[in-house]
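Notes for the one structure printed next.
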Amino acid sequence: MEGAEILQNAVRLQHDIARHVVTRGNPDPSVLAGLDAAYSLDGSQVFGAAVLLAVPSLRVIGAATVGRKASFPYIPGYFAFREAPALLAALGRLERAPDLLMIDGHGIAHPRRCGIASHVGVITGIPSIGVARHLLTGRCDPPGMGWGETTPVTADGSVIGCALRTVAGVRPVYVSIGHRISLQNAVSITLHTSTGFRIPEPLRVAHRLASHVRDRDVRAFIWLDADALP
DNA sequence: GCGACAG
DNA sequence: ATCTTGTCGC
């Protein structure tokens, strides 16, 4: 198969997944998972991390990681094909399934309404939220400078996400529906899992863990529990 | 054709 | 994403 053909298939799959996204729901998770990945210097390896946190204490109650070959390049709009396999593998190694997933990247705030958070959400059937640091598509006015202020991200005349100020006076993050949750609830959960930093706690922990296994020995961190965390 | 472009 | 030192500020 050649490059252009692979992308055509990817687009077909994204349209297909996008049709299955449920943009409503009000999950009240007692256990939530933060998912993120880190890459080797040459970008040939991906290290996925899934961390379980209790809500609302945000105590880490479990975690799992996986390292694998990166079999897809990074192409804006096709991010899930590069990173989702590692996230799904890590997720599958958790000792229990979370009630909700928070993923580093967009959900439906995507050209085809199928960012990685929707991709992983639909595949697993678990409610998911996408939290990104930069906009991929759509536009919005800057939210007020206060904590918790929001502004809609729109595209084609519809709201596809929200800019959310998790820390007063600091650049906002971009929240969007992944799957089986309303935008309002997604924003609320993102805000209430933010602990004084721009990035919400679940993603901060997942990010640190992914980088940690990358810099150490992956084999020693295939299964982790709270006590083994750095 | 030109610019934009999650991680 | 990743490389990379110090520095300014609370």
Side-chain angles (χ1 to χ4, degrees), chain A residues 3 7 10-11 13-14 17-18 21 34-51 65-91 101-122 128-140 145 147 153-156 160-164 166-179 183 186-187 190 195-200 202-216 218:
Chain A
L7 285 191
V11 168
L13 181 56
Q14 290 183 325
I17 291 175
V21 169
L35 272 48
D36 195 16
Y39 294 85
S40 57
L41 188 57
D42 64 2
S44 67
Q45 289 180 303
V46 203
F47 300 87
V51 181
T65 64
V66 65
R68 51 183 297 145
K69 232 189 313 188
S71 51
F72 206 94
Y74 169 66
I75 305 173
Y78 302 84
F79 182 44
F81 295 95
R82 176 168 175 76
E83 195 159 300
L87 300 188
L88 289 167
L91 191 54
L101 309 174
M102 182 177 285
I103 300 174
D104 192 352
H106 292 103
I108 65 172
H110 176 278
R112 291 168 291 283
R113 307 296 177 264
C114 188
I116 188 168
S118 296
H119 193 112
V120 173
V122 168
S128 63
I129 300 173
V131 179
R133 303 195 296 291
H134 304 281
L135 226 41
L136 168 63
T137 191
R139 49 176 301 162
C140 68
M145 293 300 268
W147 179 85
V153 174
T154 60
D156 306 317
I160 58 174
C162 245
L164 168 66
T166 52
V167 178
V170 171
R171 292 181 303 161
V173 293
Y174 302 91
V175 180
S176 59
I177 292 171
H179 184 48
L183 180 56
V187 166
T190 301
T195 59
F197 299 92
R198 184 164 87 110
I199 305 305
L203 293 185
R204 296 187 75 224
V205 184
H207 188 282
R208 276 182 304 196
L209 179 56
S211 300
H212 188 82
V213 296
R214 176 200 58 203
D215 297 337
R216 307 265 176 153
V218 200

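Keep in mind the model is a prediction, meaning the values are calculated, not measured. Quick note on labels: first sequence line is chain A, next is B, and so on, each numbered from 1.
Inter-residue side-chain proximity for A/H179 and A/I108 is flagged as unmet; no heavy-atom pair is nearer than 4.5 Å. Contact annotation: the side chain of A/H106 never approaches that of A/V153 to less than 4.5 Å [non-hydrogen atoms, C-beta and beyond].
In this structure, A/Y74 packs face-to-face on the six-membered ring of B/dG7, meeting both the 5.5 Å centre cutoff and the 30° plane limit.
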Original post:
So A/L101 and A/L91, side chain to side chain contact (heavy atoms under 4.5 Å, CB included) or not? Walk me through it.
Top reply: CA-CA 10 Å; A/L101 309 174; A/L91 191 54; 3.8 Å; yes
Step-by-step ring-ring contact (aromatic ring centres under 6.0 Å, His included) determination, A/F81 to A/H119: CA-CA 9 Å; A/F81 295 95; A/H119 193 112; 5.4 Å; yes
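Rounded to an integer number of Å, the gap from A/I108 CD1 to B/dA6 P is 18 Å. Rounded to a whole Å, the CD atom of A/Q45 is 13 Å from the P atom of C/dT2. The nearest whole Å value for the distance from the CD1 atom in A/I160 to the C1' atom in B/dA6 is 12 Å. Between A/H207 atom NE2 and B/dA6 atom C1' the separation is 13 Å, expressed in whole Å. As a whole-Å value, the separation of A/Q14 CD from B/dA6 C1' is 12 Å. Rounded to whole angstrom, the span from the CG atom of A/L41 across to the P atom of C/dT2 amounts to 10 Å. Atom-to-atom, CZ of A/F81 to P of B/dG7 comes out at 18 Å; the value is rounded to the nearest Å. Per the geometry, CG belonging to A/D36 stands 8 Å off C1' belonging to B/dG7, to the nearest Å.
Taken from CD1 in A/I199 to OG1 in A/T166, the straight-line distance is 6.5 Å, to the nearest 0.5 Å.
Across all strands shown, A/H134 has heavy atoms under 4.0 Å from sugar-phosphate atoms exclusively, and none from any base. Within 4.0 Å (heavy atoms only), A/Y78 reaches at least one base atom of the nucleic acid. Residue A/D42 is out of contact with every strand shown, counting any heavy-atom pair closer than 4.0 Å. Among the heavy atoms of the strands lying under 4.0 Å from A/Y39 are primed sugar atoms or P, OP1, OP2 only; no base atom is included. In this structure, A/H119 reaches neither bases nor backbone, as no heavy-atom distance under 4.0 Å exists between it and the strands shown. Residue-level contact check: A/G130 touches neither bases nor backbone, having no heavy atom under 4.0 Å from any strand.
Distances were taken from every side-chain heavy atom of A/A38 (C-beta onward) to each of B/dC5, C/dT2, B/dG7; the shortest belongs to C/dT2. Here the side chain of A/I116 is nearest to one of C/dT2, B/dG7, B/dA6, namely B/dA6. Residue A/E83 places its side chain closer to B/dG7 than to any other of B/dG7, B/dA6, C/dT2.
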